[in-house]
Engineer: 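First the structure, then my questions, so here it is.
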Amino acid sequence: MRIASSIILFFLFSMVFSQTKIENLTNITLSKIYNEPDDGSCNSFLTTESAEVISRKIVDCDKLVLELIKLKSNLKSRKSEDLCCNFGIIGCPSLQFMVTYQFNKLVDTLYFNKYENESYIIDWKTKKQFDDKNSDLAKILNKNSIFKNLIDINLDKIFRDTFMYIKFDSVDIKGLKINDKQFYGLNKTKIDSLIGGFGNYVEIEKDLKGNKELYKYYNHNRDSYNEFYFADDFPLDELVINKIEDKGDSYPDEKPFNIIGITLNDSEKLLIERFPNSTKYIENIKEYFKDENGDYSIIVKINDKKGEISFVLNNEKIKQVEIDFHYPKP
């Protein structure tokens with residue numbers, strides 16, 4: 001009787017356990033540095049202020065993670081040397097790739113550099129560089145097509161073609177209007193009158209580009225909240241028009257600002273039609289230069305070096321318009 005009861009309990013436990021979905025926590029994130037200055041940090045992954053980073057992540061990848069764990073455990077048997085990456089040392093090669101992997105509670109990171117005729121695996125914790133002449137780490141990652149593409153592409157060239165060597169479209173300053181009136185060069189008092197008043201809430205922010213304090217004033221329309229930046233009583237420095245995702249009944253029943261015939265929620269297609277040069281490499285931008293939220297930007301210059309407009313899109317719709325004005329030095 002006891003045996004029969006034990007069998008029944010075991011059978012029931014097995015049924016419950018088999019129907020319980022255990023979350024798979026295995027994942028790998030591969031990151032790659034691009035647009036890095038010659039005199040930057042040798043590990044720009046720790047501080048991305050001087051470089052850009054692109055990352056790709058895959059999940060439910062037990063086999064690949066186990067291969068990475070095995071590779072890491074066997075590193076001590078490889079030829080190694082101290083990593084040339086310490087404060088005050090000039091001329092050290094920068095780290096190109098970072099791979100972070102997780103297997104349940106185990107989380108670890110390796111770095112690697114891959115050149116034409118040689119490769120190295122770097123353990124940042126021990127500051128050791130291990131010979132990887134057969135590119136074993138890259139071979140593991142190349143088993144996934146997403147990672148292989150990221151390893152193989154020349155991201156620096158794509159970045160230069162997309163943002164540095166391109167001739168951006170431009171618009172005339174006279175075409176930038178709020179409520180049918182030009183607003184370039186207007187100070188806070190005149191902008192306040194033009195838009196019907198700012199809100200009561202004011203912030204002070206530090207502008208890192210100009211190393212000056214900016215006063216941020218707010219204004220709301222029906223579908224947007226707008227941020228106006230001023231330095232003391234100087235002319236308008238910057239205007240940011242943001243889409244309101246969850247709006248309440250308290251917002252004024254006014255449409256978002258239509259600065260140059262383009263406004264929030266307009267389509268990517270409209271930008272392509274209006275600005276063919278600025279959108280020439282839009283597929284590159286969407287593939288490689290989105291942020292973690294899926295946002296990407298199209299830049300249009302203002303004539304006579306008076307500033308630029310950045311259209312921020314998500315899912316091919318404009319969600320933010322940022323206008324940055326430049327003025328002649330006094």
Engineer: Are side-chain heavy atoms of L137 and L68 found at a separation under 4.5 Å?
Structural biologist: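 Yes. Closest side-chain heavy atoms under 4.5 Å.
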Engineer: Given 3.5 Å as the limit, does a donor-acceptor pair link the side chain of S73 with the main chain of K70, or not?
Structural biologist: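 Such a contact is found between S73 side chain and K70 backbone.
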Engineer: Using atom types as modelled and distance alone, determine if a side-chain donor or acceptor of S278 lies under 3.5 Å from a backbone N or O of I299.
Structural biologist: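 Flag set: sc S278 to bb I299 pair under 3.5 Å.
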Engineer: I'd like to know if the side chain of T26 pairs up with that of Q102 as donor and acceptor (distance under 3.5 Å, no hydrogens or angles considered).
Structural biologist: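 Judged by distance alone, the side chains do not pair up.
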Engineer: Report the C-alpha distance between Y101 and L66 in whole Å, list the side-chain angles of each, state the deciding distance to 0.1 Å, and finish with yes or no for side-chain contact (heavy atoms from CB on, under 4.5 Å).
Structural biologist: CA-CA 10 Å; Y101 52 92; L66 290 174; over 6 Å; no
Engineer: Kindly work out whether a path of hydrophobic side-chain contacts (I/L/V/M/F/W/Y, heavy atoms less than 4.5 Å apart) joins V312 to I262.
Structural biologist: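 V312 and I262: separate clusters.
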Engineer: Do Y115 and N113 have side-chain N/O donor and acceptor atoms under 3.5 Å apart?
Structural biologist: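 Indeed, the side chains of Y115 and N113 share at least one donor-acceptor pair under 3.5 Å.
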Engineer: Say you draw a straight line from SG of C42 to CG of L95; how long is it, rounded to the nearest 0.5 Å?
Structural biologist: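 Going from SG on C42 over to CG on L95, the span is 6.0 Å.
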Engineer: So S44 and L46, do their side chains get closer than 4.5 Å, heavy atoms only?
Structural biologist: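 Not in contact.
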Engineer: Decide whether a cation-pi geometry holds between K188 and F230; the criteria are a distance under 6.0 Å from NZ or CZ to the six-membered ring centre and an angle within 45° of the ring axis.
Structural biologist: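 K188 over F230 ring: no.
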Engineer: Pair L110, L75 - check side-chain contact (heavy atoms from CB on, under 4.5 Å), show working.
Structural biologist: CA-CA 11 Å; L110 286 173; L75 282 181; 4.1 Å; yes
Engineer: Would you say the side-chain atoms of T100 and T29 include a donor-acceptor pair closer than 3.5 Å?
Structural biologist: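 Not at all, the side chains of T100 and T29 share no donor-acceptor pair under 3.5 Å.
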Engineer: Could you point out which residue of K319, K286, K317 forms a salt bridge (Lys or Arg N to Asp or Glu O under 4.0 Å) with E268?
Structural biologist: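 By the salt bridge (Lys or Arg N to Asp or Glu O under 4.0 Å) criterion, E268 pairs with just one of K319, K286, K317: K286.
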Engineer: Under 3.5 Å, is there a donor-acceptor pair linking the side chains of Q129 and D82?
Structural biologist: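 Their side chains do not contain a donor-acceptor pair, so the 3.5 Å distance test is not met.
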Engineer: Say whether L30 and V59 are linked into one hydrophobic cluster, either directly or through other cluster members, by side-chain heavy-atom distances under 4.5 angstrom.
Structural biologist: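 No.
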Engineer: Which heavy atom of I260 sits nearest a heavy atom of G175, and at what distance?
Structural biologist: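 Looks like CG2-O, 3.6 Å.
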Engineer: Between F311 and Y281, is there a shared hydrophobic cluster once you connect ILVMFWY residues whose side-chain heavy atoms come closer than 4.5 Å?
Structural biologist: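 Each belongs to a different hydrophobic cluster.
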Engineer: Report the residues that fulfil ring-ring contact (aromatic ring centres under 6.0 Å, His included) with F163, sequence neighbours left out, ordered by chain and then residue number.
Structural biologist: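 Partners of F163 by the ring-ring contact (aromatic ring centres under 6.0 Å, His included) criterion, ordered by chain and then number, come out as F159, F289.
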Engineer: Roughly how far, to the nearest 0.5 Å, is CZ of F130 from NZ of K76?
Structural biologist: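 It comes to 8.5 Å.
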Engineer: Provide the closest heavy-atom pair for V171 versus F275 in the form atom of the first, atom of the second, distance.
Structural biologist: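 Looking at all heavy atoms of both residues, the closest pair is CG1-CE2, 3.8 Å.
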Engineer: Give every residue pair that meets the side chain to side chain donor-acceptor pair (under 3.5 Å) criterion with at least one member in residues 141-160, sequence neighbours excluded.
Structural biologist: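 Found E67-K143, K148-D152, K157-D161.
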Engineer: With the side chain counted from C-beta on, respond yes when N187 and L236 share a heavy-atom pair under 4.5 Å apart, and no when they do not.
Structural biologist: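 No, their side chains stay 4.5 Å or more apart.
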Engineer: Do L270 and I285 sit in the same hydrophobic cluster, where Ile, Leu, Val, Met, Phe, Trp and Tyr count as joined when their side-chain heavy atoms come under 4.5 Å apart?
Structural biologist: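 Linked, L270 and I285 end up in one cluster.
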Engineer: Could you measure the distance from the CD1 atom of I121 to the CG atom of D131? Nearest 0.5 Å is fine.
Structural biologist: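 So the gap between those two atoms works out to 9.0 Å.
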Engineer: Is it true that atom CZ of F234 has more than 12 heavy atoms of other residues, nucleotides or ligands lying nearer than 6.0 Å?
Structural biologist: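 No - once you tally the heavy atoms of other residues, nucleotides and ligands closer than 6.0 Å, there are 12 at most.
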Engineer: Between the main-chain N or O of F147 and the side-chain N or O of R56, is there a donor-acceptor pair closer than 3.5 Å?
Structural biologist: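 Not at all, since once roles are kept as given, no pair shorter than 3.5 Å links the two residues.
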Engineer: What is the minimum heavy-atom distance between E238 and E322, and which atoms define it?
Structural biologist: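 Closest heavy-atom pair between E238 and E322: OE2-OE2, 3.0 Å.
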Engineer: What verdict does the side-chain contact (heavy atoms from CB on, under 4.5 Å) test give for I173 and N303, after you've listed the backbone C-alpha separation in whole Å, the side-chain angles of each residue and the deciding distance to 0.1 Å?
Structural biologist: CA-CA 6 Å; I173 194 68; N303 285 343; over 6 Å; no
Engineer: Enter the distance from N226:CG to I241:CD1 here, rounded to the nearest 0.5 Å.
Structural biologist: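 Interatomic distance, N226 CG to I241 CD1, rounded to 0.5 Å: 5.5 Å.
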Engineer: How about K306 and Y184: do any of their side-chain heavy atoms sit closer than 4.5 Å?
Structural biologist: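 K306 vs Y184: side chains touch.
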Engineer: Donor-acceptor check, side chain of N293 to backbone of D295, threshold 3.5 angstrom: yes or no?
Structural biologist: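 No: the side chain of N293 does not pair with the backbone of D295.
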Engineer: Taking all atoms of both residues into account, what is the closest heavy-atom pair of D123 and K72, and its distance?
Structural biologist: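 Closest approach of D123 to K72, heavy atoms only: OD2-CE, 3.5 Å.
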Engineer: Partners of F228 by ring-ring contact (aromatic ring centres under 6.0 Å, His included), sequence neighbours excluded?
Structural biologist: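 Counting only residues at least two positions away or on another chain, F228 forms a ring-ring contact (aromatic ring centres under 6.0 Å, His included) with F198.
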Engineer: Do I33 and F97 have side-chain heavy atoms sitting under 4.5 Å apart?
Structural biologist: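 Not in contact.
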Engineer: Where the side chain of N27 meets the backbone of L25, is there a donor-acceptor pair that is under 3.5 Å apart?
Structural biologist: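 Yes; judged by distance alone, with no hydrogens or angles, the pair exists.
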Engineer: In the structure I gave you, are the side-chain heavy atoms of I69 and F103 within less than 4.5 Å of one another anywhere?
Structural biologist: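 Yes, close enough: below the 4.5 Å cut-off.
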Engineer: Whether the side chain of K32 engages the backbone of L150 through a donor-acceptor N/O pair (distance < 3.5 Å, no angle test) should be reported.
Structural biologist: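 Looks like yes, one N/O pair under 3.5 Å.
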Engineer: Roughly how far, to the nearest 0.5 Å, is the CG atom of D62 from the CG atom of D60?
Structural biologist: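 Between D60 CG and D62 CG, I get 7.0 Å after rounding to 0.5 Å.
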Engineer: Could you report the tightest heavy-atom contact between K114 and S135, atom names first, then the distance?
Structural biologist: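 Result for this residue pair: CE-OG, 4.0 Å.
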Engineer: Between V240 and Y229, is there a side-chain heavy-atom distance shorter than 4.5 Å?
Structural biologist: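 Counting from C-beta outward, Y229 and V240 do come under 4.5 Å.
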Engineer: Kindly determine whether K139 and N134 satisfy side-chain contact (heavy atoms from CB on, under 4.5 Å), including the steps that lead there.
Structural biologist: CA-CA 9 Å; K139 286 178 180 177; N134 295 321; 4.2 Å; yes
Engineer: Kindly indicate whether the side chain of I323, heavy atoms from C-beta on, has any atom under 4.5 Å from the side chain of F183.
Structural biologist: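 I323 reaches F183 side chain to side chain.
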Engineer: Side chains of E118 and Y120: do they bring a donor and an acceptor to under 3.5 Å?
Structural biologist: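 Result is yes, a qualifying pair exists.
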Engineer: Test T279 against every option in D169, I166, I298 by the side-chain contact (heavy atoms from CB on, under 4.5 Å) rule and name the one that passes.
Structural biologist: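 Among the candidates, only I298 passes.
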Engineer: Among the clusters formed by ILVMFWY side chains lying less than 4.5 Å apart, do L313 and F168 turn up in the same one?
Structural biologist: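 Not linked; separate clusters.
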Engineer: Can you give me the closest heavy-atom contact between K128 and S80, atom names plus distance?
Structural biologist: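 Between these two residues, the closest heavy atoms are CD-OG, 4.5 Å.
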Engineer: Can you check whether F45's main-chain N or O pairs, donor with acceptor, with N43's side chain at less than 3.5 Å?
Structural biologist: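 Yes, the answer is positive, given that a donor and an acceptor are paired below the 3.5 Å cut-off.
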Engineer: Nearest 0.5 Å please: distance from the CD atom of Q96 over to the CD1 atom of I122.
Structural biologist: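 The CD1 atom of I122 is 8.5 Å from CD of Q96, to the nearest 0.5 Å.
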